[in-house]
Amino acid sequence: MSGLTANIYLLTPEFILAGLALLVLAVDLFLPDGKKSILPIICISGLVSVGLVSMIMLPGVNISLYGGILAVDAFSLFFKIVFLLIGIFIILSSAQYIKQHLSHQGEFYGLLLFSVLGMNIMVQSRELLTAYIALELLSFSLYVMVAYSLSNAKSNEAGLKYIIVGAFSSAVLLYGLSMLYSATGVTKFVDIGMILSGTSELSPALWVGVALIFVGLGFKLSIVPFHMWAPDTYEGAPLPVTAYLAIASKTAAFALVLRFVCEGLIVAESLWQEWQMIFAVLAAVSMLVGNLVALAQTNMKRLMAYSSIGHIGYILAGVTVLSTDSLVAANSVSFYLVGYAVTNMVVFAAIIAFFNSTGDDDISSLRGLADSQPLLAASIAIGLFSLAGLPIFAGFTVKFYLFAAVASSGFLWLAGGAIIASLISLYYYLQIIRQMYIEGSDNSAHVSSDDGHGVISPSGTISLPRTSFSTTLVLGVGLIVVIWLGVYPGPLLEIIECASEALMGTR
Amino acid sequence: MAAMNEIILVSLILIPLIAAIVAMGFPKDNPRPVWYFAIAVSAVTCILSVIAFVGYDYTEGGYQFTRTYDWIGDPVNISLALGIDGIAAPLVLLNGIVLLGAVLISQTIIHRSRDFFVLLLALGSGVFGVFAVQDLFFLFFFYELAVLPMYLLIGVWGSSTDFGTFLRTKEYGAMKLMLVLVGGSVLIWVGILALYAQSANVGSPTFNMIELGELAKAGAFSHEFQRWVFPLFMIGFGILAGLWPFHTWSPDGHVAAPTGVSMLHAGVLMKLGAFGIIRVGVILLPEGASAWMPILIILGTVNVVYGAISAISQHDLKYVIGYSSVSHMGYVIMGIATLHPVGVTGAVLQMFSHGIMTALMFAMVGSIYERTHIRDTNVLNGLIKRMGTASCFFAIAGLASLGLPGLSGFIAEFMVFVGVFRTYLPLAILAVIGAAITAVYMLRLLAKTFFGEADPRWDNLPDSSPLEKAVGAVFVAILIVVGVWPAPLVRVINIGVDSVLQGL
């Protein structure tokens with residue numbers, strides 16, 4: 001293994017990212033309180049340069065490092081760029097929130113960068129233990145970030161719940177890993193695939209091992225029935241962290257699942273056909289339960305939590321139909337993840353901006369928003385329409401693509417269930433839109449007096465402060481992308497096609 | 001001209017859509033500029049739709065103005081394939097006319113008028129799209145685009161109806177309409193995916209309706225498959241066409257909607273459903289269609305009779321028209337279900353005729369409501385004294401709807417009856433009875449509300465605006481022209497229907 005350090009330069013983006021995180025922590029120590037607003041600028045410029053470095057160095061590269069433990073290929077590059085963009089988005093849309101509501105800004109940004117690093121390694125890993133370590137790097141950053149609002153009891157409760165469930169699921173995952181290792185003696189995905197495809201009869205240890213790995217990942221992804229922690233954690237966490245949980249951690253975990261399933265499981269065709277059914281049932285249950293329970297929610301964050309459980313169900317349906325002879329399923333999952341991430345970004349950016357000015361995140365407090373803050377209302381409305389899967393927005397295209405992939409692989413019933421689940425979701429999304437557009441801001445307009453940014457004018461309408469430049473920028477770019485993906489997704493699909501080829505080709 | 005033919009359909013779709021985006025930039029407080037803009041845009045699309053209809057060569061038939069734009073390549077293969085046949089051409093024309101009329105009538109929308117016209121233009125684009133595309137993905141795309149704006153259009157600018165004992169709010173109407181229609185599109189979506197999956201099974205996955213039609217001819221879709229997929233389309237599209245027993249969203253929705261939206265919705269949107277049954281159901285699944293048509297024609301007959309009977313007991317002007325629409329869409333459904341050339345031609349002609357007629361009625365009722373703020377026929381009496389033109393136009397539309405010879409409704413209903421008489425005689429008798437009931441409620445309404453004794457309380461009622469009169473006059477002219485000289489429409493429709501029925 002003389003080649004251990006041969007291609008190590010390919011990890012430059014990760015080294016920069018780690019250095020950047022440490023730099024932010026260090027700089028924070030020396031900054032006086034008034035100058036902290038320079039931190040987000042450092043982070044963003046750092047993330048942008050990491051992105052540029054990756055774009056320059058890595059396209060066309062398809063190499064495994066450390067004897068096949070880390071893959072530097074088009075698939076990981078694609079998702080790395082996605083993660084960096086998500087990181088930039090979170091910082092842009094929440095800088096004001098963090099300044100207003102959280103203390104210890106430096107550590108927050110540092111943790112955010114570490115979690116991005118964790119995700120980057122996760123999507124590159126082709127081996128169980130590496131993947132586990134990357135996942136833990138992500139999770140530990142998130143544990144702290146969820147509980148970041150020190151004075152807020154709910155945030156603390158959420159953090160506690162999250163860390164207990166998270167530690168438990170990590171233990172389950174690790175136990176599964178050890179079972180798998182004890183049965184096969186290997187930890188690389190490719191080797192697992194080879195052993196599985198060679199065995200027709202599964203030994204109990206192997207069975208339990210694989211099952212436990214998926215239970216562990218199920219907790220991380222909040223797949224029903226392992227979802228109970230999600231709504232409470234989403235509700236208690238500071239809003240930017242909620243957004244981050246809903247968008248980034250899910251995308252990263254699915255990227256890992258994609259690689260694991262594609263390299264390790266689908267090659268064992270007869271076994272995979274049995275497991276497909278389990279996946280399909282879990283997917284169906286997730287989408288139905290998530291969307292049905294969302295109907296009863298009155299808090300925006302809880303609603304988004306259940307809605308994201310529903311969307312996880314759709315994506316899992318896409319994972320279900322992965323197969324060796326077609327790229328469509330892999331394309332559709334990546335495509336859906338991008339569409340889901342962008343749309344959620346728009347919705348969350350608008351909700352964060354709304355929270356900054358009112359301090360409220362109940363659905364009923366959005367009443368009359370279309371009159372007082374047309375941009376925010378339009379962004380939330382377009383985002384929700386997109387999540388519900390209506391054209392001309394990204395959600396329609398990605399759903400149609402994914403459901404077509406599911407249906408054409410012989411799971412028409414699952415596609416049908418997913419379509420019905422989207423109908424259910426439309427109802428609660430419409431309820432929010434109704435609050436903003438149809439219910440007037442006349443009688444029960446109220447603004448919490450916590451921070452006094454909103455003022456009730458004599459006529460009873462709320463006059464909110466203008467949205468900040470960074471929020472407007474995020475919303476503008478986000479909306480353009482949402483509509484672009486909805487009407488002309490061709491270019492993105494070509495890129496995704498390359499990523500999927502890299503993913504499937506590494507077998 | 002050749003270049004024009006290439007882009008005419010894509011412009012019909014894109015002009016309103018782009019205009020909707022442009023309209024977002026108009027000033028928020030001044031309602032007029034955006035209205036003028038919308039008039040200009042819809043006038044252009046109206047002219048284009050006339051060109052498309054007149055330019056359609058009925059001696060040649062088939063799909064014309066075809067053009068394909070690649071959208072997503074392998075492995076899913078979706079392209080924006082455009083083209084209209086003899087069935088779509090009159091409907092494109094219908095949408096062009098009604099859209100312009102609806103925009104003109106919406107002069108009275110002052111509150112958030114910018115948002116209103118953005119949504120209205122998007123809706124118009126969706127309708128053009130459904131009529132003009134030949135790809136199932138885009139058919140569904142535009143179908144949803146046409147349905148989606150309805151929620152806000154009704155919810156924000158609509159009106160609630162007080163029934164004394166209970167209140168039908170506009171929010172209720174909007175939500176009911178949206179959920180029922182999207183429920184229908186769930187079935188359509190599943191059906192589309194089933195067709196796609198089946199085409200993938202035989203080795204050539206495609207959403208293109210021409211290619212799917214060829215697969216259907218080649219026998220790629222088994223009898224069993226067609227038997228279970230056809231009802232998905234029949235009910236899914238049927239819901240939008242007001243098919244009994246899924247029609248209940250329609251009166252509530254029409255009544256709650258503002259005038260311009262009611263015109264478009266009853267006039268054009270319900271036709272999307274009937275069009276979808278022909279375009280997707282009958283063409284792609286001919287065996288399924290043959291198997292299910294007896295059921296469909298029974299449902300259509302119930303539509304006719306049930307809608308007419310319900311209309312009798314209504315005393316809100318808009319509910320009368322709403323139920324009358326349900327009843328008249330029943331003729332369309334019956335005509336399609338005959339699968340007989342005369343019957344189907346009659347159904348398509350009825351779509352056109354009913355579209356103009358019902359849009360005219362809603363426009364005139366809107367004009368009356370604008371001035372009286374009441375739609376109760378127990379209170380409104382003798383309107384002809386004060387609002388002579390509106391009453392007169394409404395009367396003409398009413399007479400067209402009960403099938404008076406010389407107006408368009410007569411030709412269409414007559415052809416439907418002929419088709420049904422030749423195929424399902426007992427149902428034809430029921431349908432004629434339905435037409436008689438239409439005469440009962442329509443004549444009663446005309447006699448009392450419009451030509452009855454004038455109530456002194458309406459002595460100071462101002463007359464309709466010149467604009468409303470002008471829109472009404474054009475619509476009335478169309479009803480009369482089609483009534484006395486239907487050949488230009490019928491010969492185009494005929495050629496389309498023949499090629500559809502050939503596949504059976």
Check: By a 4.5 Å heavy-atom criterion (distance strictly below it), what part of B:A197 contacts chain A: side chain, backbone, both, or neither?
Finding: both
Next item on the list: Check each atom of B:L179 against the heavy atoms of chain A and say whether the ones under 4.5 Å are side chain, backbone, both or neither.
Entry: both
Checklist line | Part of B:E171 lying under 4.5 Å from any heavy atom of chain A | finding: side chain
Notebook entry, point to check: Should the ring pair A:F400 and B:F140 be called parallel, tilted or perpendicular, given that the plane angle runs from 0 to 90° and is split at 30 and 60?
Noted result: tilted
Next item on the list: With side chain to side chain contact (heavy atoms under 4.5 Å, CB included) as the test, would you mind laying out the steps for A:R434 and B:Y151 before giving the verdict?
Entry: CA-CA 9 Å; A:R434 180 181 141 178; B:Y151 178 73; 3.2 Å; yes
Check: Side chain, backbone, both or neither: which part of B:I192 has a heavy atom under 4.5 Å from chain A?
Finding: side chain
Note to self: Looking at B:W189 and A:A415, would you say the former's side chain and the latter's main chain have a donor-acceptor pair under 3.5 Å?
What the structure shows: no
Check: Going through the checks in order, is the side chain to side chain contact (heavy atoms under 4.5 Å, CB included) test met by B:W157 and A:I438?
Finding: CA-CA 9 Å; B:W157 294 276; A:I438 298 181; over 6 Å; no
Checklist line | Residue part contacting chain B, namely of A:P491, when any heavy atom lies under 4.5 Å | finding: neither
Notebook entry, point to check: Taking side chain as C-beta onward, heavy atoms only, is A:Y401 less than 4.5 Å from B:F137?
Noted result: no
Notebook entry, point to check: Is it the backbone or the side chain of B:M175 that comes under 4.5 Å from a heavy atom of chain A, or both, or neither?
Noted result: side chain
Margin query: side chain to side chain contact (heavy atoms under 4.5 Å, CB included), that's the test. Do A:F403 and B:V190 meet it? Break it down for me.
Written below: CA-CA 9 Å; A:F403 294 171; B:V190 175; over 6 Å; no
